[in-house]
Amino acid sequence: MTNFAPISITNKQQVLAELCEQFDDAIFILDEHLRYLSVNARYELMIGYTEAFLLGRPLGIYAAEFLSEEERVVLTDITERLDNSGFYENNFSMPNRYGEILNCYMTYRKIKMGTTIYYVGMVRDMSAVVKDRKQVAHLLNYDQITELPNRKVFLSQTSDLLLDSYQEVIVVRLNIDRYRSLASLLGPDGINNLIKKFVTRVKDLKLGFLRCFSHFGGDDFALLFECSDANMVRLQLDSLMQMCERPFFVSDDRVTNTEVYCHVSVGVSYYPENDNEFTGLLTKAEKALNYVKQHGGDDVFWYNNSMTELNAHHLRLEYELRVATNESQFIAYYQPKFALDTGDISGFEALVRWQHPTRGLLQPIEFIDAIISHKLSLELFSQMANQIAEQLTLWQNLGFEQHICINADATEFNNPEFFDVVSNLLMQHQIAAHQLHIEITESSLMKRHDNVRKQLDRLKELGICLALDDFGTGYASLSYLQEYPFDFIKIDKSFISKITADKTQRAIVKAILALAQALDMQVIAEGIENEQQRDFLLAMGCQYGQGYWFGKPMTAEAATELLMQQHLSKNKYD
């Protein structure tokens with residue numbers, strides 16, 4: 001397989017610049033005073049002036065005092081809308097240098113880079129494409145694949161409805177889940193075919209109270225309802241979700257009758273409960289939609305005021321986590337692991353804690369999901385791994401050879417920098433590879449990243465020990481043991497909690513121990529909370545255990561003290 005190399009920033013800029021030059025639409029860039037900074041070749045050809053002539057001149061070519069009143073109104077409208085929303089679009093007729101009247105569709109976008117503001121305009125000459133106003137209106141107001149009204153029409157109809165309606169107006173935003181994966185599977189023709197079939201099914205539902213069904217593009221749709229009680233729309237959305245439980249059969253040149261499921265994420269807001277203006281309603285429906293997508297999709301969520309506080313909390317948490325990674329606020333706590341037959345400490349599991357500057361010491365449950373969602377996993381792993389390496393070096397100097405185990409997620413293994421982080425750690429700190437253990441959870445392996453097996457094999461070559469955590473809680477445990485080179489199996493605490501009284505739990509643990517022995521793997525039992533549990537596990541042949549009965553997670557200083565006490569105790573009786 002050919003190695004993938006992402007495009008560099010410089011090459012990307014060159015490619016985009018070349019694309020702009022060859023683009024069929026005319027493109028120009030203005031500064032914050034609406035003066036020309038750059039135009040592409042198509043714009044030069046359309047308007048009849050060269051880039052050299054236009055540079056530094058204001059939009060409209062001549063100073064404002066020489067423009068007609070109509071042109072001044074248009075420029076003022078453009079400026080105000082760009083300042084308010086960052087986007088402007090309009091249809092208009094304009095003369096070029098040669099006196100020809102061009103029927104154009106123009107869009108402006110406001111782009112801010114640092115403190116500098118740019119306005120990017122795109123002009124499409126519609127004259128050669130359409131012959132009359134009806135064709136132009138349809139081209140600009142309807143999606144070409146689905147023939148549904150586009151975003152502009154939807155916003156207009158929503159605004160008009162809010163002005164005239166005496167009932168409740170409901171805005172629904174809808175995205176197709178896993179759209180990119182579906183597009184990759186089906187190809188361009190196949191995904192367009194799926195979108196058409198999806199739209200046809202929605203239309204066939206004949207949803208009550210529906211005033212507009214709009215396609216914003218790609219996987220992005222919106223619905224507009226009007227009724228006396230917004231709760232009446234819940235039944236309509238239930239029928240929509242049920243429709244998505246039936247498969248679609250899609251075929252094109254690449255695939256034949258592929259069966260796919262088109263699940264959707266839906267966000268809802270309504271007037272007058274959530275807002276009085278269409279922009280507010282749309283924004284809040286989109287917030288509800290994003291909430292659904294962040295929680296796995298395939299659901300409907302109605303906006304409520306607590307979401308604003310929740311979003312503010314998420315933004316604040318992301319900022320604090322980025323500060324925490326930059327300032328190394330994460331620290332390792334160490335939970336000891338013991339040999340059940342001798343009671344000796346065999347090693348420690350490193351568990352992350354966040355030393356928050358104002359909230360104190362935080363448990364992983366309060367931040368680990370946000371770490372993953374904001375793609376900070378590798379930064380956290382690197383911080384923890386460095387602390388662990390330093391601790392192993394300290395213990396090595398004191399004559400202790402116990403290992404430390406660090407947890408990693410499959411998404412971290414899939415990062416191309418992961419292996420280098422680990423191998424550099426061993427070289428920089430001169431620690432023995434077998435003293436560093438890495439745990440990966442069974443549920444994490446369910447993601448099946450292609451790179452995981454390769455990374456695990458490379459880590460094994462370094463001499464690092466690998467453990468499968470939470471064994472038995474997933475769906476394909478036996479296949480994982482066959483596919484991945486694990487040294488240890490960790491029995492999840494859910495199988496230990498009632499082992500003294502529950503025959504089923506004892507039978508499961510015995511089976512795991514027998515399987516591990518056959519595969520030449522060692523077993524660690526988690527969650528041991530009393531002596532009876534320890535005795536049962538020892539009698540069954542389990543080698544190692546950890547849990548609150550042995551010791552809770554502790555600071556590095558407390559872990560070192562525990563090792564020294566064990567060392568002194570053993571020397572006392574030698």
Side-chain angles (χ1 to χ4, degrees), residues 138 141-143 145-177 179 193-249 260-293 295 297-305 307:
H138 189 273
N141 295 317
Y142 290 83
D143 180 81
I145 295 174
T146 61
E147 296 295 321
L148 290 177
N150 62 16
R151 180 187 180 95
K152 182 176 71 172
V153 175
F154 183 84
L155 295 180
S156 175
Q157 291 198 19
T158 305
S159 179
D160 292 344
L161 193 59
L162 287 171
L163 290 174
D164 299 334
S165 179
Y166 293 95
Q167 301 190 80
E168 295 188 346
V169 176
I170 301 92
V171 173
V172 176
R173 293 286 283 109
L174 179 154
N175 282 179
I176 295 174
D177 295 338
Y179 178 76
N193 190 8
L194 176 63
I195 293 295
K196 290 176 183 177
K197 287 177 179 287
F198 175 79
V199 168
T200 299
R201 276 203 195 171
V202 175
K203 288 180 176 178
D204 289 345
L205 291 174
K206 301 187 184 305
L207 299 173
F209 318 111
L210 182 64
R211 297 293 175 263
C212 182
F213 177 28
S214 176
H215 186 196
F216 288 6
D219 66 329
D220 204 2
F221 295 87
L223 299 99
L224 179 66
F225 294 89
E226 181 189 29
C227 60
S228 58
D229 184 353
N231 285 315
M232 299 167 73
V233 173
R234 294 181 187 271
L235 295 175
Q236 311 303 316
L237 296 180
D238 285 344
S239 66
L240 175 65
M241 299 302 286
Q242 290 169 11
M243 176 206 81
C244 294
E245 295 301 320
R246 293 186 284 117
F248 291 82
F249 294 91
V260 296
Y261 286 85
C262 211
H263 295 296
V264 295
S265 297
V266 180
V268 190
S269 68
Y270 66 101
Y271 161 87
E273 176 71 17
N274 300 135
D275 212 297
N276 294 320
E277 297 183 354
F278 75 91
T279 52
L281 286 172
L282 190 70
T283 299
K284 289 170 180 176
E286 288 172 347
K287 286 182 179 179
L289 170 64
N290 289 331
Y291 180 86
V292 175
K293 293 167 74 172
H295 289 77
D298 192 20
D299 201 359
V300 179
F301 190 82
W302 290 64
Y303 178 86
N304 59 69
N305 291 330
M307 284 190 63

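Computed from a prediction, not measured in an experiment: that's the story for all the values here.
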Side chains of Gln167 and Ser228 only: does a donor on one sit below 3.5 Å from an acceptor on the other?
no

In Val300, Leu235, Leu205, the residue satisfying side chain to side chain contact (heavy atoms under 4.5 Å, CB included) with Leu240 is Leu205

Apply the test side chain to side chain contact (heavy atoms under 4.5 Å, CB included) to residues Val260 and Leu194: give CA-CA distance (whole Å), side-chain angles for both, the deciding distance (0.1 Å), then the verdict.
CA-CA 9 Å; Val260 296; Leu194 176 63; 3.9 Å; yes

Leu210 side chain near Leu224 side chain, heavy-atom distance below 4.5 Å
no

Derivation and outcome, side chain to side chain contact (heavy atoms under 4.5 Å, CB included), residues Ile195 and Thr146
CA-CA 7 Å; Ile195 293 295; Thr146 61; 3.5 Å; yes

Any cation-pi pair here, Arg201 with Phe248, using under 6.0 Å and within 45°?
yes

Evaluate side chain to side chain donor-acceptor pair (under 3.5 Å) for Asp177 paired with Ser265, printing each intermediate quantity in order.
CA-CA 6 Å; Asp177 295 338; Ser265 297; 2.6 Å; yes

Show the numbers, then the answer: is there a side chain to side chain contact (heavy atoms under 4.5 Å, CB included) between Phe154 and Val171?
CA-CA 10 Å; Phe154 183 84; Val171 173; 4.2 Å; yes

Find the distance between CE (Met232) and CZ (Phe209) and round it off to the nearest 0.5 Å.
3.0 Å

Taking all non-hydrogen atoms of both residues, which atom of Tyr261 and which atom of Arg246 are closest, and how far apart?
CE2-C, 4.0 Å

For the rings on Phe301 and Tyr291, is their centre-to-centre separation under 6.0 Å?
yes

Salt-bridge test for Asp220 and Arg151: reply yes if a basic N is under 4.0 Å from a carboxylate O, no otherwise.
no

Closest non-hydrogen atom pair, Ser214 against Asn150:
OG-O, 3.1 Å

Is the centre of the Phe198 ring less than 6.0 Å from the centre of the Phe221 ring?
yes

Side chains of Trp302 and Val172 in contact at under 4.5 Å (non-hydrogen atoms)
no

Say whether, by atom type as modelled, one donor and one acceptor occur between the side chain of Glu168 and the main chain of Cys227 under 3.5 angstrom.
no

CG on Leu174 to CG on Leu289, rounded to 0.5 Å:
7.5 Å

To the nearest 0.5 Å, atom NZ of Lys284 lies from atom NZ of Lys287 at 7.0 Å

Can you establish whether the number of heavy atoms outside Glu277 located under 6.0 Å from its atom CD is more than 12?
no

State, to 0.1 Å, how close Ile145 and Asp143 come at their nearest heavy-atom pair, and which atoms those are.
N-OD2, 2.9 Å

Going by heavy atoms in the side chains, are Leu207 and Leu223 under 4.5 Å from each other?
yes

Report yes or no: does Glu226 contribute a side-chain atom to a donor-acceptor pair with the main-chain N or O of Val169 at less than 3.5 Å?
no

Locate the shortest heavy-atom distance separating Asn276 from Leu162; write the atom from each residue and the value.
O-CD1, 4.1 Å

Between Tyr271 and Phe278, is the gap from one ring center to the other below 6.0 Å?
no

SG of Cys262 to CG of Asp219, rounded to nearest 0.5 Å, is 9.0 Å

Between Leu163 and Leu161, does the side chain to side chain contact (heavy atoms under 4.5 Å, CB included) criterion hold? Intermediate values first, please.
CA-CA 5 Å; Leu163 290 174; Leu161 193 59; over 6 Å; no

Scanning both residues in full, the closest heavy-atom pair of Ala288 with Tyr303 reads CB-N, 3.9 Å

Distance from Asp298 atom CG to Lys293 atom NZ, nearest 0.5 Å?
13.5 Å

Please answer whether the main-chain N or O of Leu155 pairs with a side-chain N or O of Ser159 as donor and acceptor at a distance below 3.5 Å.
no

Between the CD1 atom in Ile170 and the CG atom in Asn274, the distance rounded to the nearest 0.5 Å is 10.5 Å

Non-hydrogen atoms of Leu282 and Arg173 that approach each other most closely:
CD1-CD, 3.6 Å

Donor-acceptor pair, side chain of Ser156 and main chain of Lys152, under 3.5 angstrom
no

Minimum side-chain heavy-atom gap Arg234-Asp229 below 4.5 Å:
no

